[in-house]
Engineer: 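Sharing a structure, written as structure tokens. Questions coming.
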There are 2 protein chains.
Amino acid sequence: MTTDVERARERVIDALARSADIYGLKQSYGRLYGTLYFAEEPLSLDELAEQSGYAKSTVSTAMSTLRRFHLVRRLSMPGEGKRAFFEAERDLWRVSREFLAQEVSREVNVMVEALGEAEAVLEGADGERAARDLERVRQLKRTYEHADRLVSALSRVPLDRLTDAVERFTPE
Amino acid sequence: MTTDVERARERVIDALARSADIYGLKQSYGRLYGTLYFAEEPLSLDELAEQSGYAKSTVSTAMSTLRRFHLVRRLSMPGEGKRAFFEAERDLWRVSREFLAQEVSREVNVMVEALGEAEAVLEGADGERAARDLERVRQLKRTYEHADRLVSALSRVPLDRLTDAVERFTPE
DNA sequence: CAGAATATTCGGTATATGCCGAATATGCTC
DNA sequence: GAGCATATTCGGCATATACCGAATATTCTG
């Protein structure tokens, strides 16, 4: 029997699958996150496999990825032997902050480093082309340095305060 | 002959390919963007294919994707017949803003809509489970509504002012 | 520390993706 | 609007990915 309540859930879970896809995760992972998001209590691998229809191995790897992105927490309960339980992180702003602080920040640093090295080389070179390249490298570097500051600030602000702050600084 | 200047360029282009990958674009697209970023003047499809080593068809589809993300502009020059030229958008904050305003905003709206519908259904349902689901749907909806405001504000602020604003609102 | 319960990893298969070259479509110029 | 130069689309091949079930590894309990 499929109730309205279940359909409502499914509707949201579909949207989560879609979002996962947009942000570069597998749709199945979005679905699994959704399943956990609505779960009454943390679920074991078997329960998740059962409820979602995916193989246990699929669920297992999904959990490890979702955990990397702080979308899911893994719990070991006392008296439950080796069995693990999984719980959705329901604060998505927290998830975003972690992502900014880890993934984006790392990416930005790699970029800044590459740009720094290129800048050093180009400062020592001459010719019109080197000069033009240097200018462009510096422009990119400025942007990335700003991005770095921004990311590290963002990852320390609660969502509501952030929204207020940004809106206050927005023209009209 | 491979000069230091060329190696410096390559270093940066590699980093751009890597970033493209992280953000869900093909590495080849990152490379092509990099090639355009450093190009002295806009390049034609043939020149890009030549310089990058990719087939012209690949470059063509790459350009249409990069254009969707506002990473590349397409120019038709007078007296050049059908030949098109491509130029990198070098202001990456502008690119990000466009992305927020279009892709993210759309995704957020889809989500808010799904959540709204689910909320409506759940408000009309009873039972413990419906009540719990309703609570969770509302939490998610609050976050997404904040995100919506945030995104639309962000896409109107220049990067330097934004950084300042956020840093000012950051504790310690 | 043996055994049972569970998690994780591995190998395989079906499907999707990246890229190519050839075929087709499009838009200038005269 | 014919002919030509160029862009875009299409079909195919090779590689990568998603998911599965079986095999292996891990961790708790007695």
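Chain identifiers are assigned alphabetically (A, B, ...) following the order of the sequence lines, protein sequences preceding nucleic acid strands; residue numbering begins at 1 within each chain.
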Engineer: Could you point out which residue of A:Glu145, A:Arg149, A:His146 forms a side chain to side chain donor-acceptor pair (under 3.5 Å) with B:Thr163?
Structural biologist: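 One option only clears the test, and that one is A:His146.
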Engineer: Using whole Å, report how far CG of B:Leu43 lies from C1' of D:dA7.
Structural biologist: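 For the pair B:Leu43 CG and D:dA7 C1', the rounded distance is 16 Å.
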Engineer: When the distance from CE of A:Met63 to P of C:dA7 is rounded to whole Å, what number comes out?
Structural biologist: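 Answer to the nearest Å: 12 Å.
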Engineer: Of A:Glu80 and A:Leu25, whose closest DNA chain D nucleotide lies nearer the 5' terminus?
Structural biologist: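 Checking each residue's closest nucleotide, the 5'-ward one belongs to A:Leu25.
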Engineer: Check the distance between C:dT6's C1' and A:Glu50's CD and give it to me in whole angstrom.
Structural biologist: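 Checked: the CD to C1' distance equals 17 Å.
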Engineer: Could you check whether B:Arg74 makes a cation-pi contact with B:Phe85, meaning its NZ or CZ is under 6.0 Å from the centre of the six-membered ring and within 45° of the ring axis?
Structural biologist: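 Geometry flag: not set, cation outside 6.0 Å or 45°.
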Engineer: Here's one to test your reading of the geometry: is the NZ or CZ of B:Arg161 within 45 degrees of the ring axis of A:Phe169 and under 6.0 Å from its centre?
Structural biologist: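 Geometry flag: not set, cation outside 6.0 Å or 45°.
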Engineer: Rounded off to whole Å, could you give me the CZ-to-P distance for the B:Arg74 and D:dA7 pair?
Structural biologist: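 So the CZ-P distance, B:Arg74 to D:dA7, works out to 7 Å.
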Engineer: Pick the closest DNA chain D nucleotide for A:Lys82 and for B:Gly81 by heavy atoms, then say which residue is nearer the 5' end.
Structural biologist: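 Nearer the 5' end of the strand: B:Gly81.
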Engineer: Which sits closer to the 5' end of DNA chain C, B:Lys26 or A:Lys56, going by the nucleotide each is nearest to?
Structural biologist: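 The residue whose closest nucleotide sits nearer the 5' end is A:Lys56.
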Engineer: Counting only side-chain N and O atoms of A:Ser60, is one of them less than 4.0 Å from OP1 or OP2 of C:dT8?
Structural biologist: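 Indeed, a polar side-chain atom of A:Ser60 lies that close.
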Engineer: How many angstroms lie between atom CZ of A:Phe69 and atom CD of A:Glu89, to the nearest 0.5 angstrom?
Structural biologist: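 The CZ atom of A:Phe69 sits 15.0 Å away from the CD atom of A:Glu89.
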Engineer: Taking only N and O in the side chain of B:Ser57, is any of them less than 4.0 Å away from OP1 or OP2 of C:dG21?
Structural biologist: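 For B:Ser57, the contact criterion (side-chain N or O under 4.0 Å from OP1 or OP2 of C:dG21) is not met.
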Engineer: Can you tell me the distance, in whole Å, between the CG atom of A:Leu48 and the P atom of D:dC20?
Structural biologist: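 Answer to the nearest Å: 13 Å.
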Engineer: Measure from CG on B:Asp21 to P on D:dT17 and round the result to the nearest Å.
Structural biologist: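 Rounded to whole Å, this separation is 9 Å.
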Engineer: Report the distance from atom CE of B:Met77 to atom P of C:dG27, rounded to the nearest whole Å.
Structural biologist: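 Whole-Å distance recorded here is 19 Å.
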Engineer: Look at all strands and tell whether B:Ser28 reaches a base, only sugar-phosphate, or nothing, counting heavy atoms closer than 4.0 Å.
Structural biologist: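 Sugar-phosphate: the residue B:Ser28, judged by heavy atoms under 4.0 Å, touches backbone atoms but no base.
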Engineer: Quick one: A:Gln27 CD to D:dC19 C1', roughly how many Å, whole number?
Structural biologist: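 Rounded to the whole Å, the gap is 14 Å.
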Engineer: Check whether any side-chain N or O of B:Arg83 sits under 4.0 Å from OP1 or OP2 of D:dA5, and answer yes or no.
Structural biologist: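 No, B:Arg83 has no side-chain N/O under 4.0 Å of OP1/OP2 on D:dA5.
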Engineer: Working to the nearest 0.5 angstrom, can you tell me the gap between A:Trp93 CH2 and A:Phe99 CZ?
Structural biologist: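 That separation rounds to 12.5 Å.
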Engineer: Touch check for B:Ser64, heavy atoms < 4.0 angstrom, all strands: base, sugar-phosphate only, or nothing?
Structural biologist: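 The residue B:Ser64 makes no contact with any strand.
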Engineer: Counting heavy atoms from C-beta on, name the nucleotide in D:dA7, C:dC19, C:dA7 closest to the side chain of B:Thr58.
Structural biologist: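 Out of D:dA7, C:dC19, C:dA7, the nucleotide with an atom closest to B:Thr58's side chain is C:dC19.
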